[in-house]
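The sequence lines fix the lettering, A, B, ..., with proteins before strands; numbering per chain opens at 1.
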Protein chains: 2
Amino acid sequence: MAEIDEIDHQVLRLLREDGRRTFSEMAAEIGLSVAAVKRRVDRLREIGVITGFTVRVDYAKLGWGIEAFTELRYPGTTPVAKIIRTATDVPEVQEVFTIAGDPDALIHVRVRDLSHLQQVIDRLRRAGDVTGTKTLLVLGSWTRDTGSATDTRSATDTGPAGEPGRRPPR
Amino acid sequence: MAEIDEIDHQVLRLLREDGRRTFSEMAAEIGLSVAAVKRRVDRLREIGVITGFTVRVDYAKLGWGIEAFTELRYPGTTPVAKIIRTATDVPEVQEVFTIAGDPDALIHVRVRDLSHLQQVIDRLRRAGDVTGTKTLLVLGSWTRDTGSATDTRSATDTGPAGEPGRRPPR
DNA sequence: GGTGAAATTTAATTGAC
DNA sequence: GTCAATTAAATTTCACC
């Protein structure tokens, strides 16, 4: 395993809070030179600790106000690759986790409203040889990165829900 | 609700893939001027669609190779605020989702190994008036942002599992 | 491993149209 | 929305501790 010291963790923490922090900003915060900070970020990317940068999006503001986790169960004969494929084929699926034991997979979905959620679950059930599902509807969430909480409920009335069957925005 | 057009969605898709894409890079991709792209990004931040930028980290490379979801159950009398607080107090907890129905919360944890996981679960059980837990151990995961899958077991990048799902939701 | 400074390149920003 | 000028930042390259 790579040797990561306290300063590296500090760099990662600063970038987790704001992935667009400049080197000079971080250098001032940490108490190192700009060149030293850049060398550390470069190294963290090289050894694969930093795999990239991304944007944080408020999906509720995009009309995707509902968030859910669906547990999927498959027959013992279903290969993992097929489980992943059937889930990732559904555009509303944001993340797929394959699980040891029961259930076999946990998928994170974002949808416009509850009828849309119903459609997505139906599609998942039909897609593979799914033997059972259980869906956990998210009411609110908290993330360590930002330390901020969101309330899903207030996001449900953000606008006209598309008709069932309309394709989700991208 | 804010009006988000196709180009805005294109900008968001590009930034989800790489949050450090430059305006000129995106301008070329989209077919607009640099200034026009910047104006859109500024607006998306102003109206709160873009809430920030962050770094993607391979936690396995930091020695936090084990990922799990724990379902928590509480007595009906426990207020939601307390549920969130008891979970966020545990540093290994990355995300907390409050759930409609059963269970009451789903929490995403990252730990070094299985005995560490055991400790975290024990701490969660003691922290509040938790009446029950069920932990789903993650073997592998896939994220739409990157379209790449990771295998928790070997902590190495297995690359895309096939070619599904990469197409953005429409 | 780190510093500091100068030169270069590249990107971000602003204002006129 | 474009385009051009300006400002700011990232990057490279030194010599050095």
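R110(B) places none of its side-chain heavy atoms less than 4.5 Å from the side chain of E92(B). Side-chain contact check for F53(B) versus D18(A): some heavy-atom pair is nearer than 4.5 Å.
Using modelled atom types and a 3.5 Å distance limit, the side chains of T133(B) and R125(B) yield a donor-acceptor pair.
Nucleotides of DNA chain C nearest to E25(B) and I7(A) differ in position, and the one nearer the 5' end is that of I7(A). Comparing D42(A) and V37(B) against DNA chain D, the residue whose closest nucleotide sits nearer the 5' end is V37(B). Looking at which nucleotide of DNA chain D each of A35(A) and S24(A) is closest to, the 5′-most match is held by S24(A).
Between F69(A) and F69(B), the ring planes lie tilted relative to each other; the angle falls in the 30° to 60° range.
Remark: P of dA10(D) and CG of L15(A) are 11 Å apart, rounded to the nearest angstrom. Residue F23(B) contributes atom CZ, which lies 5 Å from atom P of dA12(C) at whole-angstrom precision. Between the CG atom of D18(A) and the C1' atom of dA9(D) there is a distance of 15 Å, rounded to whole Å. The interatomic distance linking F53(B) (CZ) with dA12(C) (C1') rounds to 13 Å, in whole Å.
Taking 3.5 Å as the limit, the base of dG1(D) and the side chain of R39(B) contain a donor-acceptor pair of atoms between them.
Comparing dG1(D), dT3(C), dT13(C) by their nearest atom to the side chain of V34(B) picks out dT13(C). Distances were taken from every side-chain heavy atom of R40(B) (C-beta onward) to each of dT3(C), dA10(D), dG1(D); the shortest belongs to dG1(D).
Phosphate proximity of dA12(C) to K38(B): absent, as no side-chain N or O sits under 4.0 Å from OP1 or OP2. Remark: R20(B) is not in phosphate contact with dA10(D), judged by side-chain N or O atoms under 4.0 Å from OP1 or OP2. Distances shown here put every side-chain N or O of R21(B) at or beyond 4.0 Å from the OP1 or OP2 atom of dA11(C).
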